[in-house]
Amino acid sequence: CWPDKGRIAPCQGACPIHMDVPGYIMALAQEKYSEAVAIVRETNPFPSICGRVCPHPCEAACNRAVVDEPLAIEWLKRSIGEYEKSHGGPPEPAEKTREERIAVIGSGPAGLTAAHDLVRKGYGVTVYEALPVPGGMFAAGIPSYNLPSEVVETEVEYITKLGVEIRTNMRVGRDVTLDELWNQGFKAILVAVGAWKVPELRIPGVELDGVHQALPLLRDVKLGETTKLKGDVIVIGGGNVAADAARSALRLGAKSVRLTGLEARDEMPAFGWEIEAAEREGVEILPAMAPQQVVSKTGRRASGVEFLPVAETSRDEKGRMNWTLEDDAEPQLLHCLLY
């Protein structure tokens with residue numbers, strides 16, 4: 001796969017956590033399934049999750065593309081997770097070899113990975129989670145059609161079987177303080193609270209009824225607190241969260257869903273397969289549109305969003321979006337009513 005001894009394979013180099021991709025694929029090819037599981041779990045405690053929602057940059061780097069097409073690495077990893085689920089059974093608790101206890105704040109991917117690695121090194125680990133379920137974005141951000149809750153539960157259970165304690169409905173700062181954690185004898189505290197803060201859309205009218213932020217909506221849907229939507233929906237944004245919100249709105253019963261983004265269609269930051277899936281399901285994609293204000297016929301509930309066409313977009317050195325509007329363009333009003 002690679003010409004120089006000592007270099008890693010391109011697929012492994014492209015992986016954010018540098019998993020031994022060639023190792024577990026070769027183990028699969030030789031029908032050494034337990035060995036493949038062990039290789040994956042050396043660096044990744046979530047094989048079944050990553051086999052469903054990983055953006056798989058490894059496939060774009062796969063040298064097999066020179067011959068015909070890249071290997072389906074994400075699906076191979078998913079098969080490893082499925083094999084473990086049906087053949088592996090619960091792991092043995094990790095041996096506790098250290099006296100130190102460590103607290104982890106947040107049970108998302110970062111917090112659970114740290115807890116998984118620490119408990120395997122012999123530490124006692126307690127995870128504090130503000131939500132009623134562990135998993136962070138896995139459990140309360142990624143829609144069920146991409147990541148079923150039972151898959152997350154199985155992966156979390158594996159980590160608790162190793163010996164990690166997870167306390168849900170515990171918001172640090174409200175239910176327990178950092179000082180209290182120190183006083184309980186923890187020798188280190190890892191803060192892994194994730195990126196739940198929602199960027200503000202600074203246009204008039206966002207305070208109107210019927211305007212929802214995407215991340216809180218996805219959280220409420222995944223936790224069963226929002227089960228139905230009616231009416232016509234406009235989604236502002238061209239990223240993966242926007243695509244998830246649009247596809248979720250259709251599943252919740254919205255009459256129509258339109259997704260608008262500042263970028264041109266081929267420049268939207270959402271994964272291409274997410275945009276294509278949204279279109280197949282009935283979402284209308286409206287690129288190169290900048291929201292100007294949310295309007296209301298009654299003064300209380302949103303009835304539409306006014307847009308102007310975007311002429312050009314760019315990003316500065318910090319990745320922040322800049323855009324220019326088309327000269328002398330007439331505003332376009334897209335009607336919506338969500339209840």
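Since we're looking at a predicted model, the values are computed, not measured.
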Exercise: identify the closest heavy-atom pair between [X] and [Y]:
| X | Y | answer |
| --- | --- | --- |
| C54 | C50 | CB-O, 3.0 Å |
| P291 | L262 | CD-CD2, 4.4 Å |
| A139 | V133 | CB-CG2, 3.9 Å |
| L201 | I236 | CD2-CD1, 3.8 Å |
| S79 | L28 | OG-CD1, 4.1 Å |
| N240 | P269 | ND2-O, 4.3 Å |

Would [X] and [Y] show up in the same hydrophobic cluster when neighbours are defined by side-chain heavy atoms closer than 4.5 Å?
| X | Y | answer |
| --- | --- | --- |
| M19 | I8 | no |
| V104 | V156 | yes |
| F307 | V294 | yes |
| I159 | I102 | yes |
| V37 | V21 | yes |

Donor-acceptor pair, [X] side chain versus [Y] backbone, under 3.5 Å?
| X | Y | answer |
| --- | --- | --- |
| H335 | G304 | no |
| S296 | R300 | yes |
| H87 | E84 | no |
| E306 | Q292 | no |

key: ring-ring contact (aromatic ring centres under 6.0 Å, His included) contacts in which one or both residues fall within residues 138-192, not counting sequence neighbours   = F46-F138
Calculate, to the nearest 0.5 Å, the distance between atoms [atom1] and [atom2] belonging to [X] and [Y] respectively.
| X | Y | atom1 | atom2 | value |
| --- | --- | --- | --- | --- |
| T177 | N183 | OG1 | CG | 7.5 Å |
| E225 | D220 | CD | CG | 5.0 Å |
| I142 | S149 | CD1 | OG | 11.0 Å |
| I39 | D20 | CD1 | CG | 5.5 Å |
| L118 | L190 | CG | CG | 7.5 Å |
| R265 | L286 | CZ | CG | 11.0 Å |

For [Y], is there an ion pair with [X] - N to carboxylate O distance below 4.0 angstrom?
| X | Y | value |
| --- | --- | --- |
| R247 | E279 | no |
| R167 | E165 | yes |
| K121 | E95 | no |
| R171 | D175 | no |

Whether over 12 other heavy atoms sit under 6.0 Å from [X] [atom1]:
| X | atom1 | answer |
| --- | --- | --- |
| E92 | CD | no |
| E312 | CD | no |
| E200 | CD | no |
| D68 | CG | yes |

query = What pairs meet the salt bridge (charged side-chain N to carboxylate O under 4.0 Å, His left out) rule with one or both residues in residues 147-158, with sequence neighbours excluded?
reply = R41-E155
query = What residue pairs, at least two apart or across chains, pass salt bridge (charged side-chain N to carboxylate O under 4.0 Å, His left out) with a residue in residues 290-299?
reply = none
With the side chain counted from C-beta on, respond yes when [X] and [Y] share a heavy-atom pair under 4.5 Å apart, and no when they do not.
| X | Y | result |
| --- | --- | --- |
| Q332 | P309 | no |
| P287 | M268 | yes |
| C11 | I73 | yes |
| H116 | L162 | yes |
| V310 | T324 | no |
| K187 | R101 | no |
| L218 | S248 | yes |
| I17 | N44 | yes |

request  = May I have the step-by-step check of side-chain contact (heavy atoms from CB on, under 4.5 Å) for S48 and T154, ending in yes or no?
outcome  = CA-CA 9 Å; S48 290; T154 299; over 6 Å; no
Salt bridge (charged side-chain N to carboxylate O under 4.0 Å, His left out) assessment of R315 paired with E267 = CA-CA 12 Å; R315 292 188 181 274; E267 295 176 351; over 6 Å; no
Check against side-chain contact (heavy atoms from CB on, under 4.5 Å), M321 and E263 = CA-CA 10 Å; M321 172 73 74; E263 306 87 353; 3.0 Å; yes
request  = For the pair L334 and M289, evaluate side-chain contact (heavy atoms from CB on, under 4.5 Å) and give the outcome as yes or no after the intermediate values.
outcome  = CA-CA 11 Å; L334 298 183; M289 299 182 66; 4.1 Å; yes
note = Apart from V295 itself, its cluster of hydrophobic side chains linked below 4.5 Å comprises L333
message = Suppose clustering is done on Ile, Leu, Val, Met, Phe, Trp and Tyr with side-chain heavy atoms closer than 4.5 Å. Which residues sit in the same group as F271?
response =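 Listed partners: W273.
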query = Is there a donor in the side chain of N146 and an acceptor in the side chain of E274, or the other way round, less than 3.5 Å apart?
reply =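 Yes.
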task = Check the pair E281, R251 against salt bridge (charged side-chain N to carboxylate O under 4.0 Å, His left out), reporting the backbone distance first and the verdict last.
result = CA-CA 9 Å; E281 293 171 4; R251 286 166 170 76; 2.8 Å; yes
message = Under the rule for salt bridge (charged side-chain N to carboxylate O under 4.0 Å, His left out), what residues qualify as partners of R219, not counting sequence neighbours?
response =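 R219 satisfies salt bridge (charged side-chain N to carboxylate O under 4.0 Å, His left out) with no residue once adjacent residues are dropped.
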task = Please lay out, stage by stage, how I285 and V283 fare under the test side-chain contact (heavy atoms from CB on, under 4.5 Å).
result = CA-CA 6 Å; I285 309 298; V283 175; 4.0 Å; yes
